[in-house]
Amino acid sequence: QVQLVESGGGSVQAGGSLRLSCAASGYTSSIYYISYMAWFRQAPGKEREGVAAIATGGGSTYYADSVKGRFTISQDNAKNTLYLLMHSLEPEDTAMYYCAETSRSVYGAYWYIRENYNYWGQGTQVNVSS
């Protein structure tokens, strides 16, 4: 079973930066292929929303409009680690951030749909104060 462990969350002032990490383990021969890796977030009282994703085959990246130009998703295959570099943080970015992966066939345009992902981490909290 794939295990995802996020880290790097914390409290920052608006305009600050954070880098989230997601360490993956537990890959076995029964898991054929991880097609997409992504970050989602969920603020209190709101639905979980897609923040960014990366296609493992080819490296295409996808971002929510609200974070374009401020967040960068990347992966280190050698370390089985996914990153989310966040700049110019805003109070609206305050949320629990979750790492997700999928072994399913996903059409790129639907990267943000949470039901497409079958592996999830426990989350790391990001708090941005004004």
Side-chain angles (χ1 to χ4, degrees):
Q1 182 73 3
V2 174
Q3 297 174 336
L4 305 175
V5 179
E6 302 95 334
S7 61
S11 297
V12 296
Q13 290 189 325
S17 300
L18 283 174
R19 189 181 77 159
L20 306 183
S21 300
C22 173
S25 62
Y27 295 122
T28 69
S29 59
S30 64
I31 300 172
Y32 179 64
Y33 183 65
I34 297 296
S35 57
Y36 283 79
M37 305 169 71
W39 288 95
F40 284 72
R41 67 185 181 187
Q42 187 167 16
K46 294 188 176 181
E47 294 290 319
R48 191 171 299 190
E49 64 174 356
V51 175
I54 185 167
T56 58
S60 295
T61 56
Y62 308 83
Y63 295 93
D65 288 343
S66 59
V67 306
K68 280 181 182 176
R70 300 188 298 122
F71 291 11
T72 302
I73 189 171
S74 63
Q75 62 181 70
D76 185 333
N77 291 329
K79 296 182 179 180
N80 283 337
T81 301
L82 180 71
Y83 300 101
L84 185 68
L85 181 59
M86 306 184 293
H87 291 305
S88 302
L89 283 162
E90 303 168 353
E92 294 73 21
D93 296 317
T94 294
M96 184 72 80
Y97 283 70
Y98 297 92
C99 173
E101 295 186 356
T102 184
S103 57
R104 299 168 179 161
S105 178
V106 176
Y107 182 53
Y110 300 138
W111 67 269
Y112 59 92
I113 297 177
R114 60 181 294 184
E115 288 77 12
N116 283 332
Y117 294 84
N118 49 349
Y119 303 111
W120 291 86
Q122 294 301 305
T124 185
Q125 180 68 37
V126 172
N127 296 312
V128 184
S129 58
S130 57

* Asked: Do M37 and T56 have side chains that get closer than 4.5 Å, going by heavy atoms?
  -> yes
Minimal heavy-atom distance between G121 and Y98, with the atoms involved, is O-CD2, 3.6 Å
Discussion item. Quick check: do L84 and F71 have side-chain heavy atoms less than 4.5 Å from each other?
Written reply: yes
In this structure, CD of E92 is separated from NZ of K46 (nearest 0.5 Å) by 8.0 Å
Distance col, row N127:CG vs D93:CG, nearest 0.5 angstrom, shows 11.0 Å
Please tabulate, for side-chain N and O atoms in residues 12-20, each donor-acceptor pair with protein atoms closer than 3.5 Å (sequence neighbours left out).
unit_1: S17; atom_1: OG; unit_2: H87; atom_2: ND1; d: 2.7

In this structure, CG of N80 is separated from SG of C22 (nearest 0.5 Å) by 10.0 Å
Looking only at heavy atoms, the pair that brings Y36 and G108 closest together is OH-CA, 3.2 Å
Heavy atoms of A43 and A95 approach each other most closely as N-CB, 3.8 Å
- Query: In terms of hydrophobic clusters joined by side-chain contacts under 4.5 Å, are W120 and M96 together?
  - Reply: yes
When every non-hydrogen atom of P91 is compared with those of S129, the smallest separation belongs to CG-C, 4.4 Å
Backbone of L85 reached by a side-chain donor or acceptor of T72 within 3.5 Å
no
* **Shared hydrophobic cluster, V106 / I34 (ILVMFWY, side-chain heavy atoms < 4.5 Å)** => no
Value for OG1 (T124) from CH2 (W39), rounded to nearest 0.5 Å, stands at 7.5 Å
Is the shortest side-chain heavy-atom distance between T94 and Q125 below 4.5 Å?
yes
The side-chain contact (heavy atoms from CB on, under 4.5 Å) partners of S74 (sequence neighbours excluded) come to Y83
- Message: Do Y97 and M86 make a side-chain contact, defined as non-hydrogen atoms from C-beta onward lying under 4.5 Å apart?
- Response: yes
Notebook entry, point to check: Counting heavy atoms not belonging to Q122, are there more than 12 under 6.0 Å from its CD?
Noted result: no
Rounded to the nearest 0.5 angstrom, the OH-CZ distance for Y117 and R48 is 12.5 Å
Smallest heavy-atom separation, L4 atom then C99 atom, equals CD1-O, 3.8 Å
Same cluster or not: I113 versus F40, using hydrophobic residues (I, L, V, M, F, W, Y) connected whenever any side-chain heavy atoms lie under 4.5 Å apart? yes
ask   = Taking a hydrophobic cluster as the set of Ile, Leu, Val, Met, Phe, Trp and Tyr residues connected by side-chain heavy atoms closer than 4.5 Å, whether directly or through intermediates, do V51 and Y110 fall within one such cluster?
value = no
Between side-chain atoms of residues 57-68 and protein atoms elsewhere (two or more places apart, or another chain), which donor-acceptor pairs fall under 3.5 Å?
unit_1: Y63; atom_1: OH; unit_2: I73; atom_2: N; d: 2.9
unit_1: D65; atom_1: OD1; unit_2: K68; atom_2: NZ; d: 3.2
unit_1: S66; atom_1: OG; unit_2: R41; atom_2: NH2; d: 3.4

Requested in this report: Look at the side chain of R114 and the backbone N and O of E47, then say whether any donor-acceptor pair between them is shorter than 3.5 Å.
Outcome: no
CG (N116) and OG (S103) are apart, to the nearest 0.5 Å, by 11.0 Å
- Under a 4.5 Å cut-off applied to non-hydrogen side-chain atoms, are Q1 and Y119 in contact? yes
What one should report as the nearest heavy-atom pair of W111 and A52 is CZ3-N, 3.5 Å
